**Student:** 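The structure's right below; bear with me while I get my questions together.
Since the model is a prediction, treat every value here as computed from it, not as a measurement. Computation of the quantities below employed the complete heavy-atom set of this structure, encompassing side-chain atoms and omitting hydrogens, waters and symmetry-equivalent molecules. Just so you know, ligand 1 is whichever comes first in the structure, and atom 1 is the first atom listed for that ligand.
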Amino acid sequence: MLDRDQLSSLVRLIATTRPDEIGCDECLEEVDRFVEMKLAGLDASEAMPLVQDHLDKCRDCREEFEALSRALRAVEGS
Ligand SMILES: [Zn+2]
């Protein structure tokens, strides 16, 4: 059984988690498209707000995003 503290933190968790959030798996599936849009000068955060939202919150995915940006920029620059 959950005790009172566990229950209230669970309720808080549910209340603050928006149903339209994505997780790392979905983010990583979309992030290359996201980077390509940005490099093309398009408003990626407008087109893919859930990816932007996740990148703002998740350090791992942001690092992935930055590494990908650097790699693609390097390819374009060559
Ligand atoms: Zn993530």
Side-chain angles (χ1 to χ4, degrees):
M1 272 301 282
L2 294 167
D3 66 28
R4 209 171 227 295
D5 284 351
Q6 284 174 316
L7 205 60
S8 69
S9 65
L10 193 66
V11 167
R12 249 200 318 277
L13 192 70
I14 292 167
T16 55
T17 304
R18 290 191 289 119
D20 56 351
E21 273 186 5
I22 58 171
C24 293
D25 287 349
E26 288 113 306
C27 182
L28 292 175
E29 269 175 30
E30 305 276 2
V31 75
D32 52 340
R33 216 146 53 90
F34 188 85
V35 171
E36 280 173 10
M37 284 186 76
K38 275 211 186 278
L39 292 179
L42 301 170
D43 196 345
S45 43
E46 177 77 28
M48 301 164 80
L50 295 181
V51 174
Q52 178 66 61
D53 185 58
H54 187 84
L55 290 175
D56 286 343
K57 284 187 278 192
C58 179
R59 173 194 274 264
D60 287 348
C61 289
R62 198 165 54 239
E63 278 173 9
E64 182 70 26
F65 162 74
E66 280 164 7
L68 211 54
S69 301
R70 273 196 299 276
L72 282 179
R73 257 201 296 272
V75 168
E76 284 195 340
S78 62

**Student:** Salt bridge or not for E30 and R33, using N-O below 4.0 Å?
**Tutor:** yes
**Student:** Rounded to the nearest 0.5 Å, what's the gap from NZ on K38 to CE on M48? Could you check?
**Tutor:** 10.5 Å
**Student:** Listing by chain and number, what protein N/O/S atoms are under 2.8 Å from the Zn ion (ligand 1)?
**Tutor:** C24 SG, H54 NE2, C58 SG, C61 SG
**Student:** What's the verdict on side-chain contact (heavy atoms from CB on, under 4.5 Å) for E21 and D53, showing C-alpha distance, side-chain angles and the deciding distance?
**Tutor:** CA-CA 8 Å; E21 273 186 5; D53 185 58; 4.0 Å; yes
**Student:** Is a donor on one side and an acceptor on the other found under 3.5 Å between the side chain of E66 and the backbone of E63?
**Tutor:** no
**Student:** Indicate yes or no for a side-chain donor-acceptor contact from H54 to the backbone of I22 under 3.5 Å, with no hydrogens or angles considered.
**Tutor:** yes
**Student:** Can you tell me which residue pairs pass the side-chain hydrogen bond (donor to acceptor under 3.5 Å, both in side chains) test with a partner in residues 39-52, sequence neighbours excluded?
**Tutor:** D43-S45, Q52-D56
